[in-house]
Enquirer: 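Please read through the structure below; I'll follow up with questions.
Lettering follows sequence order; numbering is per chain, from 1. As a basis for the values below, the full set of heavy atoms in this structure was taken, side chains included, without hydrogen atoms, waters or symmetry mates. None of the values given here were measured: they were computed from a predicted structure.
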2 protein chains.
Amino acid sequence: MAATETLTAERILEATEEVLRRHGPAKATVVDVARALGVSHGSVYRHFRTKAALREAVTKRWLDRTSERLAVIAGEETPVEVRLRDWLAALFEAKRHKAGDDPELFATYSVLAEESGATVGEHITDLTAQLARIIEDGAESGTFRAADPAAEARAVFQATARFHDPCYAREWQQPGIEEDFKVIVDLLIRGLGAPVRP
Amino acid sequence: MAATETLTAERILEATEEVLRRHGPAKATVVDVARALGVSHGSVYRHFRTKAALREAVTKRWLDRTSERLAVIAGEETPVEVRLRDWLAALFEAKRHKAGDDPELFATYSVLAEESGATVGEHITDLTAQLARIIEDGAESGTFRAADPAAEARAVFQATARFHDPCYAREWQQPGIEEDFKVIVDLLIRGLGAPVRP
DNA sequence: CAGCTGACAGATATTGAATTCTGTCAGTCC
DNA sequence: GGACTGACAGAATTCAATATCTGTCAGCTG
């Protein structure tokens with residue numbers, strides 16, 4: 001399809017996503033990607049030095065989509081304790097939705113993420129920075145008494161790992177998980193120094 | 001060794017641990033265990049209905065050893081916020097020590113735990129009950145204002161997963177993990193209603 | 001006769017030969 | 001001459017034959 005257009009990194013990434021969706025992470029080959037694009041696999045290597053680099057780029061695209069959506073929430077003007085809660089809920093909801101909607105594709109991306117340690121690390125740094133911004137805002141407005149927003153952001157992120165780390169994906173569909181989420185987030189927000197919600 | 005003694009479940013469990021240590025979870029067979037004991041593998045099946053049951057029993061023994069050690073701390077008479085901190089630190093230290101000391105054996109037991117969902121579930125229920133007791137004590141003494149100690153115990157356990165869940169084992173040796181632990185535990189203890197430590 | 005053995009059927013794992021894949025590059029085609 | 005092809009070497013993966021393991025049970029043994 002559309003073999004007439006010039007071959008770009010973007011088009012290769014799209015084709016790679018499609019091949020991964022179809023074949024899964026174990027069986028998706030560079031030859032498959034080239035075939036889907038109607039080119040020889042040598043051409044793919046002109047844009048990505050290795051198969052690992054190609055997979056890493058696909059992973060980055062996928063992670064960035066979530067980062068961008070969360071950045072919107074982090075930038076809102078709502079009260080910080082509401083904003084923090086919304087942000088964490090949005091992260092949880094995004095992950096749970098992806099995992100529940102198409103478990104196979106989610107498993108595929110989980111494998112990719114496992115491979116691409118550095119890329120995932122950057123993604124986590126990014127998300128933690130968003131959290132730190134919210135906590136800083138809270139410190140300025142007097143809602144939180146944050147001694148070290150960056151450290152507390154990391155703590156909040158890690159303490160809620162159960163609701164965003166793929167290794168817990170199977171638990172996201174269980175009943176009662178919403179309550180678990182609420183109790184942990186309440187504890188953390190109170191720990192940051194905010195008054196308890198009614 | 002000691003092939004003259006009668007064959008008991010206990011002796012089989014010991015031999016199984018040894019075989020697992022030697023061969024790893026993938027290659028440890030019932031025949032190996034029987035050979036180590038100097039009996040036929042049919043005899044092993046007299047005490048454990050299946051290989052899975054045998055592995056589950058080994059896993060339970062291993063988990064129970066940790067539970068027992070932690071129960072001692074949970075039962076101490078120290079101030080609750082100190083006791084809670086000590087308990088969580090002991091859990092972290094126990095896991096980290098096992099993982100760092102003999103990574104291969106730890107990986108073996110992680111695989112076993114993965115297989116034995118029910119047994120691990122009971123172990124977690126047990127640990128959470130210990131935590132709940134500490135939080136209840138804190139509520140009685142007025143240090144914590146616990147609305148629902150059982151729920152909060154689960155929350156504290158899950159929020160500190162990074163420091164006891166085997167899926168994070170590789171991070172336990174990294175520098176800075178101690179600080180991460182402290183920030184999360186501080187946040188949780190403050191969230192439970194305790195005053196901040198100096 | 002209670003506890004154990006060892007042969008057995010079906011399921012699972014191992015092995016090595018044959019295939020497919022990755023990454024390169026000299027050469028082709030606009 | 002810059003983008004692309006396709007043949008190639010070595011690495012990684014299949015696949016099927018082969019071996020091992022699990023779980024059972026009739027019969028042995030002390």
Side-chain angles (χ1 to χ4, degrees), chain A residues 1-59 104 107-108 111-112 114-119, chain B residues 1-59 104 107-108 111-112 114-119:
Chain A
M1 38 172 159
T4 55
E5 292 181 40
T6 53
L7 189 60
T8 61
E10 186 63 22
R11 281 190 61 220
I12 293 173
L13 289 176
E14 270 160 27
T16 307
E17 282 195 340
E18 183 57 25
V19 168
L20 280 165
R21 198 187 310 273
R22 277 230 167 75
H23 295 48
K27 291 199 189 171
T29 72
V30 177
V31 173
D32 289 332
V33 173
R35 190 165 27 235
L37 289 161
V39 299
S40 85
H41 75 281
S43 303
V44 173
Y45 280 97
R46 173 162 293 283
H47 292 85
F48 295 93
R49 249 184 20 270
T50 64
K51 183 187 183 181
L54 174 57
R55 285 174 158 238
E56 196 137 342
V58 169
T59 308
E104 228 168 307
T108 293
V111 170
L112 292 190
E114 201 73 26
E115 291 171 8
S116 312
T119 300
Chain B
M1 37 170 164
T4 55
E5 292 181 41
T6 52
L7 190 59
T8 61
E10 186 62 22
R11 282 190 62 221
I12 293 174
L13 288 177
E14 269 161 28
T16 306
E17 281 195 341
E18 183 54 27
V19 169
L20 281 165
R21 199 186 308 273
R22 277 232 168 73
H23 296 52
K27 290 198 190 170
T29 72
V30 177
V31 173
D32 289 332
V33 174
R35 188 163 31 231
L37 288 162
V39 299
S40 84
H41 74 282
S43 303
V44 174
Y45 281 97
R46 172 162 293 282
H47 291 85
F48 296 94
R49 249 187 15 274
T50 64
K51 182 186 184 183
L54 175 56
R55 287 175 155 235
E56 196 137 340
V58 170
T59 308
E104 228 168 305
T108 293
V111 171
L112 292 189
E114 201 72 28
E115 289 170 9
S116 312
T119 300

Enquirer: Whole Å only: how far is the CZ atom of B:Arg46 from the C1' atom of D:dC28?
Expert: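 Result: 13 Å.
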Enquirer: Distance check needed: C:dA13 C1' versus B:Lys51 NZ, whole Å only.
Expert: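 Whole-Å distance recorded here is 10 Å.
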Enquirer: Can you check the B:Leu54 CG to D:dC21 C1' distance for me, whole Å?
Expert: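 Value for this atom pair: 14 Å.
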Enquirer: Any idea which heavy atoms bring A:Lys51 and A:Ala28 closest together, and the distance?
Expert: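 Looking at all heavy atoms of both residues, the closest pair is NZ-O, 3.4 Å.
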Enquirer: Quick one, B:Glu115 and B:Val111 - any side-chain contact, counting heavy atoms below 4.5 Å?
Expert: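 Yes, close enough: below the 4.5 Å cut-off.
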Enquirer: Classify the nucleic acid contact of A:Thr29 as base, sugar-phosphate or nothing, counting any heavy atom under 4.0 Å across all strands shown.
Expert: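 Since only primed, P, OP1 and OP2 atoms lie under 4.0 Å of A:Thr29, the category is sugar-phosphate.
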Enquirer: Under 3.5 Å, side chain of A:Arg55 to main-chain N/O of A:Leu112, donor-acceptor pair present?
Expert: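 No, the answer is negative, given that no donor and acceptor are paired below the 3.5 Å cut-off.
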Enquirer: By nearest heavy atom, map B:Gly42 and A:Thr50 onto DNA chain C; which one lands nearer the 5' end?
Expert: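 Going by which nucleotide is closer to the 5' end, it is B:Gly42.
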Enquirer: Write down the distance between CG (B:Leu37) and C1' (C:dC4), rounded to a whole number of angstrom.
Expert: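 Result: 13 Å.
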Enquirer: Within the structure shown, what part of the strands sits under 4.0 Å from A:Val31 by heavy-atom distance: base, sugar-phosphate, or nothing?
Expert: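 Here A:Val31 touches the bases of the nucleic acid.
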Enquirer: Rounded off to whole Å, could you give me the CZ-to-P distance for the B:Arg35 and C:dC4 pair?
Expert: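 The answer, rounded to whole Å, is 19 Å.
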Enquirer: Round to the nearest Å and state the distance from B:Lys27 atom NZ to D:dT22 atom P.
Expert: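 So the NZ-P distance, B:Lys27 to D:dT22, works out to 14 Å.
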Enquirer: Whole Å only: how far is the OH atom of B:Tyr45 from the P atom of C:dC8?
Expert: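 So the two atoms are 18 Å apart, to the nearest Å.
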Enquirer: Run the numbers on A:Asp32 and A:Arg35 for side chain to side chain contact (heavy atoms under 4.5 Å, CB included), then give the verdict.
Expert: CA-CA 5 Å; A:Asp32 289 332; A:Arg35 190 165 27 235; 2.8 Å; yes
Enquirer: With heavy-atom distances below 4.5 Å as the criterion, would you say the side chains of B:Leu13 and B:Phe48 are in contact?
Expert: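 Side-chain contact under 4.5 Å: yes.
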Enquirer: Heavy-atom nearest nucleotide on DNA chain D for A:Ala26 versus A:His47: which residue maps closer to 5'?
Expert: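 In this pair, the answer is A:His47.
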Enquirer: Is any side-chain N or O of B:His41 under 3.5 Å from a base N or O of D:dG23, one able to act as donor and the other as acceptor?
Expert: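 By the distance-only test, yes, there is a pair.
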Enquirer: If the cut-off is 4.0 Å, is A:Ser43 near the phosphate of D:dC4, judged by side-chain N/O to OP1 or OP2?
Expert: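 False: A:Ser43 side-chain N/O out of range (4.0 Å or more) of D:dC4 OP1/OP2.
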Enquirer: Rounded to whole angstroms, how far apart are CZ on B:Phe48 and P on D:dT22?
Expert: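 So the CZ-P distance, B:Phe48 to D:dT22, works out to 15 Å.
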